[in-house]
*Asks:* 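Handing you this structure, nothing more for now.
Because the structure is predicted, anything quoted here is derived from the model rather than measured. Counting starts at 1 for both ligands and their atoms, following the listed order. For reference, positions follow the sequence shown, starting with 1.
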Amino acid sequence: MFFMSRIIMGTVILSCYSGNPFFILIALMKAKVSVIGAGNVGATTAHLVLQSGLADVVLFDIAEGIPQGKALDLTEAAPLWNVATTCHGTNDYADTARSDVIVITAGFPRKPGMSRDDLLHANADVIKKVVLETAKLSPDGIFIVVTNPMDIMTYVAWKVSGLSPQRVMGMGGILDAARFRTFISMELGISPEDIEAIVLGGHGDLMVPMTQYTTVKGIPLDEFINKERISNLIHRTKNGGAEIVSYLKTGSAFYAPAASTFQMVKAILLDEKRILPCSAYVDGGYGIKDLFIGVPVKLGRAGVQEIIELKLNDDEKMLFHKSAASIKMLLKKIS
Ligand code: APR
């Protein structure tokens with residue numbers, strides 16, 4: 001289906017550009033990514049996708065003018081990035097039709113006087129509406145949910161979409177692992193490129209950075225620093241989002257969340273089959289039933305192609321299940 005739609009699109013553009021091999025190649029390769037929510041995370045994700053040259057982007061928002069303005073600005077940057085990708089800003093869901101990937105960043109940030117429960121219900125309503133509208137227009141699409149509380153919103157998106165769980169997933173673990181890698185890199189004075197980390201569990205205070213699977217160029221982390229320093233780095237990772245909110249005051253992080261989302265989009269579009277920590281549907285593995293939670297997955301064109309089950313020690317098991325219980329509790333509140 002993916003290749004069919006690329007070929008049809010290719011044929012149309014081919015007829016417009018009278019056989020120029022450059023345009024034939026671009027037409028056959030380019031995919032369509034719709035980003036729902038043209039706020040900080042959404043617009044920055046659109047930027048990264050467009051700059052990569054991998055896909056055209058539709059930027060959707062309920063706010064009038066915002067997606068149109070940002071999309072035009074992004075499209076005007078394309079000549080400077082030497083890419084032929086374009087961005088279309090819209091308030092009309094119809095424009096998202098036949099997307100290969102749909103990224104959902106729409107929602108409300110927490111405001112003064114708002115409880116976590118208020119945010120949960122308000123964003124669940126947004127996700128329901130967005131998924132109902134987009135799923136029917138992109139029956140072959142893959143959904144990536146970014147809106148918080150992400151693991152719960154991903155479950156809502158999956159339920160509403162009626163899609164197979166392989167095609168719905170949430171972004172959280174890549175960001176948490178990137179923060180952990182950054183703090184380790186700062187502590188050791190070693191490039192973050194050489195640091196590998198996995199963070200399991202919910203994308204929240206109860207995430208579980210996996211020290212035993214964290215390495216520096218393949219060497220276990222505890223050969224570089226002692227337990228106390230590692231536990232400080234874990235503490236900072238768990239508070240990574242809050243640390244940025246405390247500086248920004250009126251918003252939350254968006255550069256690293258968008259970069260993490262882009263890594264997922266790229267893995268899907270290029271069928272990279274990368275092993276990345278994502279919120280995926282776990283139903284039996286890790287002793288967990290019927291939950292979206294952060295686990296390492298193999299990510300490719302078909303979506304979540306496999307969940308990798310890591311061997312956890314007793315402490316890690318306990319922390320992972322505690323994290324799962326907190327997601328279950330929030331799910332119950334909206335069920
Ligand atoms: N449909 C489409 N867009 C919507 C809807 C809706 N029903 N409701 C709100 N939006 C849009 C807003 O108009 C706004 O442009 O969602 C956008 C959210 O953008 P920001 O407030 O800038 O939030 P952002 O920082 O991008 O974060 C988005 O990602 O990381 C998470 O916690 C974060 O849940 C938040 C989400």
Side-chain angles (χ1 to χ4, degrees), residues 34-49 57-71 73-74 87-96 99 102-112 114 116-135 137 143-157 160 169-176 178-179 202-205 207 239-265 278-279 294 330 334:
S34 286
V35 178
I36 314 298
N40 282 335
V41 179
T44 312
T45 302
H47 173 164
L48 295 171
V49 173
V57 173
V58 170
L59 191 56
F60 175 97
D61 204 288
I62 40 164
E64 284 176 23
I66 301 292
Q68 289 84 352
K70 290 189 180 182
D73 195 9
L74 284 163
C87 189
H88 176 68
T90 185
N91 309 111
D92 184 355
Y93 278 109
D95 293 328
T96 68
S99 293
I102 296 105
V103 175
I104 303 178
T105 70
F108 300 103
R110 200 165 155 197
K111 295 197 183 102
M114 224 177 161
R116 272 184 199 278
D117 284 5
D118 292 337
L119 186 66
L120 185 71
H121 287 94
N123 279 350
D125 287 343
V126 170
I127 297 294
K128 276 183 213 161
K129 165 114 181 98
V130 164
V131 174
L132 277 175
E133 294 284 355
T134 50
L137 291 165
F143 284 74
I144 301 174
V145 179
V146 181
T147 305
N148 277 314
M150 181 276 294
D151 301 280
I152 292 100
M153 295 304 118
T154 310
Y155 191 97
V156 172
V160 172
M169 67 205 75
M171 187 291 293
I174 299 176
L175 172 61
D176 298 328
R179 286 182 173 146
H203 179 52
D205 304 345
M207 69 180 76
N239 289 293
E243 188 178 354
I244 289 176
V245 170
S246 74
Y247 284 118
L248 297 180
K249 307 273 191 283
T250 56
S252 48
F254 55 97
Y255 291 115
S260 308
T261 307
F262 173 64
Q263 196 169 60
M264 293 172 72
V265 171
C278 302
S279 187
L330 288 176
I334 55 163

*Asks:* Does ligand 1 have any N/O atom under 3.5 Å from a protein N/O, and what are those pairs and their distances?
*Replies:*
residue	atom	partner	partner atom	Å
ligand 1	13 (O)	Asp61	OD1	2.7
ligand 1	13 (O)	Asp61	OD2	3.4
ligand 1	15 (O)	Asp61	OD2	2.6
ligand 1	16 (O)	Gly107	N	3.3
ligand 1	22 (O)	Asn40	N	3.0
ligand 1	26 (O)	Asn40	N	3.1
ligand 1	26 (O)	Val41	N	2.8
ligand 1	32 (O)	Asn148	ND2	2.8
ligand 1	34 (O)	Asn148	N	2.9

*Asks:* Tell me the closest heavy-atom pair linking Ala38 and Ala43, and the distance in Å.
*Replies:* O-CB, 4.1 Å

*Asks:* Listing request: all side-chain hydrogen bond (donor to acceptor under 3.5 Å, both in side chains) pairs with a residue in residues 124-135, at least two apart in sequence or in separate chains.
*Replies:* Lys129-Glu133

*Asks:* Checking side-chain contact (heavy atoms from CB on, under 4.5 Å) against Ile104, which of Ile144, Thr154, Thr147, Thr261 comes through?
*Replies:* Thr147

*Asks:* If the condition is ring pair (Phe, Tyr, Trp, His ring centres under 6.0 Å), which residues does Tyr93 pass it with, not counting sequence neighbours?
*Replies:* Phe60

*Asks:* Could you work out, with side chain to side chain donor-acceptor pair (under 3.5 Å) as the rule, every residue matching Asn123, not counting sequence neighbours?
*Replies:* none

*Asks:* Any chance you could measure His203, atom NE2, to Ser279, atom OG, to the nearest 0.5 Å?
*Replies:* 9.5 Å

